[in-house]
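Here is the structure we will look at.
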Amino acid sequence: MKDNSRIHYQTFHHLFLYLTEKCQLRCRHCYMGKRLERKLSMSYSQASDYITLFYRLGARDLTILGGEPTIHKDLVKLIKLAKKIGYQRINVDTNGLLIGKFKHTRPEDLNYIRFSLDGPSSDYHEYIRGPGTFDRTLKNIKTIINLGFKVAITSTITKHNYKVSKELLLLSDSLGIQLVNFHVLSEEGNGKNMNKLALSPKEWVGFCEYLESIKDDYQTAIWYPPSWCSASKLEKFIHEGYQGCLGVTMDRLSVFPDGTCYICSVMFDKEVWFGKMKNNKFILNRKDNEFEIYVNALISAEKSYLSGCPAESTLHRNITNSAEELVSVCRCWKSQI
């Protein structure tokens with residue numbers, strides 16, 4: 001018998017293109033932090049080079065974000081370029097205040113337009129994003145859905161809004177939103193100042209279990225990052241495709257306007273970036289870099305998916321000590337329940 005087996009592997013599958021660091025808002029939890037004050041943006045030439053180069057390196061998913069990408073004058077051109085090149089899924093993450101550029105694209109060009117919505121009412125959303133943002137965002141979501149685009153929302157969960165997740169799902173169903181991504185609070189950038197609002201590991205696990213228990217009550221699909229789980233629950237996530245630390249799987253790469261490339265968003269505040277793009281070439285960081293941190297953690301782990309989150313210990317935030325019975329899960333990985 002002939003051996004018909006195949007070996008499948010793929011690196012840099014998902015490109016996160018931080019098109020601009022400009023933004024109209026200064027959200028309490030924004031992990032971009034001081035980058036918003038730099039206000040750097042990619043030129044069309046720079047962004048198109050990255051989109052083309054990383055497609056050649058294996059990228060098939062593209063997420064365009066910022067800052068606020070709808071501010072960038074070349075957003076529509078770049079979406080059309082990525083579609084023409086052959087990207088299979090193109091997403092745009094937006095705060096939802098400006099949607100005019102989307103009227104110059106086609107629904108089939110985008111996988112999702114992903115709006116940030118931090119609760120089912122202004123009391124929750126505007127606590128994070130400022131006065132007047134909720135009604136405007138909600139109006140724009142309705143407009144985009146009526147134009148035929150698929151809409152997802154990202155909701156960052158804190159102690160301020162986690163108890164109204166059910167109401168947010170009800171709102172999503174009523175609007176025709178297809179996906180709600182419940183996001184764990186990132187303690188980078190402005191998020192450093194929100195430690196008191198972050199759910200503890202046990203509280204987060206409890207919240208995720210609650211989502212699992214109500215998932216069949218809604219048409220809207222639900223995503224969440226496990227971040228921590230019991231050892232028995234880990235088998236479920238492995239079955240879904242979890243392979244361990246993102247720094248080892250190398251599934252994604254985030255590229256900023258200054259050319260800096262990170263593998264993991266947890267490291268955005270640290271000078272341990274993976275490499276830099278310069279003159280359309282990739283230059284590896286020859287000093288301490290995040291990839292070495294992840295590999296060394298993997299070497300000491302019994303199994304690849306038990307390497308935990310090396311980034312947490314590197315940042316001296318080994319918060320899993322408060323929940324020793326829980327297993328740390330890469331928080332960039334999402335369970336799609």
Taking it one step at a time, do E21 and K34 satisfy salt bridge (charged side-chain N to carboxylate O under 4.0 Å, His left out)? CA-CA 9 Å; E21 294 171 349; K34 294 180 180 178; over 6 Å; no
Report whether I128 and Y124 are members of the same hydrophobic cluster (ILVMFWY, side-chain heavy atoms less than 4.5 Å apart, transitive linking). no
With no hydrogens and no angle check, is any side-chain donor or acceptor of K83 less than 3.5 Å from a backbone partner on D109? no
Please check if the number of heavy atoms outside K139 that lie under 6.0 Å from its NZ is greater than 12. no
For the CZ atom on F16, are there more than 12 heavy atoms of other groups (residues, nucleotides or ligands in this structure) within a distance under 6.0 Å? yes
Side chain proximity check, L117 to F134, heavy atoms < 4.5 angstrom: yes
Can you find a pair of side-chain heavy atoms, one from I141 and one from I153, that are under 4.5 Å apart? yes
Should T249 and L246 count as side-chain neighbours, where that means a heavy-atom distance under 4.5 Å? yes
Relative to the ring of Y18, is the ring of Y31 parallel (under 30°), tilted (30 to 60°) or perpendicular (over 60°)? perpendicular
Quick check against the 3.5 Å criterion: does N91 have a side-chain atom that pairs as donor or acceptor with the backbone of Y112? yes
Side chain of E68, backbone of Q24: donor and acceptor closer than 3.5 Å? no
Greater than 12 external heavy atoms within 6.0 Å of K103's NZ: no
Should the heavy atoms of other residues, nucleotides or ligands under 6.0 Å from CD of E108 be counted, would the total exceed 12? yes
So, do F237 and W333 have ring centers that fall under 6.0 Å from each other? yes
Within-4.5 Å side-chain heavy-atom neighbours: L253 and I263: yes
Is there a side-chain contact between E271 and K287, using heavy atoms and a 4.5 Å cut-off? no
Taking N161 for its side chain and T156 for its backbone only, find out whether a donor-acceptor pair lies under 3.5 Å. yes
Distance to the ring centre below 6.0 angstrom and angle to the axis at most 45 degrees; does that hold for R252 and F12? no
Spell out, as yes or no, whether a donor-acceptor pair under 3.5 Å connects the side chain of D49 to the backbone of T52. no
What's the verdict on ring-ring contact (aromatic ring centres under 6.0 Å, His included) for Y262 and F268, showing C-alpha distance, side-chain angles and the deciding distance? CA-CA 7 Å; Y262 285 89; F268 282 179; 5.1 Å; yes
Do F207 and F182 make the cut of ring centroids closer than 6.0 angstrom? yes
Tell me if a side-chain donor or acceptor on D173 pairs with a main-chain N or O of Q219 at a distance below 3.5 Å. yes
Group every Ile, Leu, Val, Met, Phe, Trp and Tyr by side-chain heavy-atom contacts under 4.5 Å, then state whether L185 and L168 land in the same group. no
For M250, does its backbone N or O pair with a side-chain atom of Y294 as donor and acceptor, under 3.5 Å? no
Greater than 12 external heavy atoms within 6.0 Å of D288's CG: no
Aromatic rings F274 and F282: how do their planes relate, parallel, tilted or perpendicular, breaks at 30° and 60°? tilted
Are any of the side-chain nitrogens in E126 or R136 under 4.0 Å away from the carboxylate oxygens of its partner? no
Would you find a donor on one side and an acceptor on the other, under 3.5 Å apart, between the side chain of E290 and the backbone of C264? yes
pair Y44-K73: side-chain heavy atoms closer than 4.5 Å: no
In E212, H183, K334, the residue satisfying side-chain hydrogen bond (donor to acceptor under 3.5 Å, both in side chains) with Y224 is E212
Residues, nucleotides or ligands: over 12 heavy atoms within 6.0 Å of K22 NZ: no
Value rounded to 0.5 Å, distance of CG in N289 from NZ in K270: 15.5 Å
Hey, any chance L175 and F149 share a hydrophobic cluster, counting ILVMFWY side chains that come within less than 4.5 Å of each other, even indirectly? yes
Would you find a donor on one side and an acceptor on the other, under 3.5 Å apart, between the side chain of S307 and the backbone of A297? no
Side chain proximity check, V92 to F102, heavy atoms < 4.5 angstrom: yes
Would you call E188-R331 a salt bridge at under 4.0 Å N-O? yes
In terms of relative ring orientation, are F54 and Y50 parallel, tilted or perpendicular, with 30° and 60° separating the classes? perpendicular
Hey, is CG on N279 packed in by over 12 heavy atoms from elsewhere, all under 6.0 Å? no
Side-chain donor/acceptor of R60 to backbone N/O of H14, under 3.5 Å: no
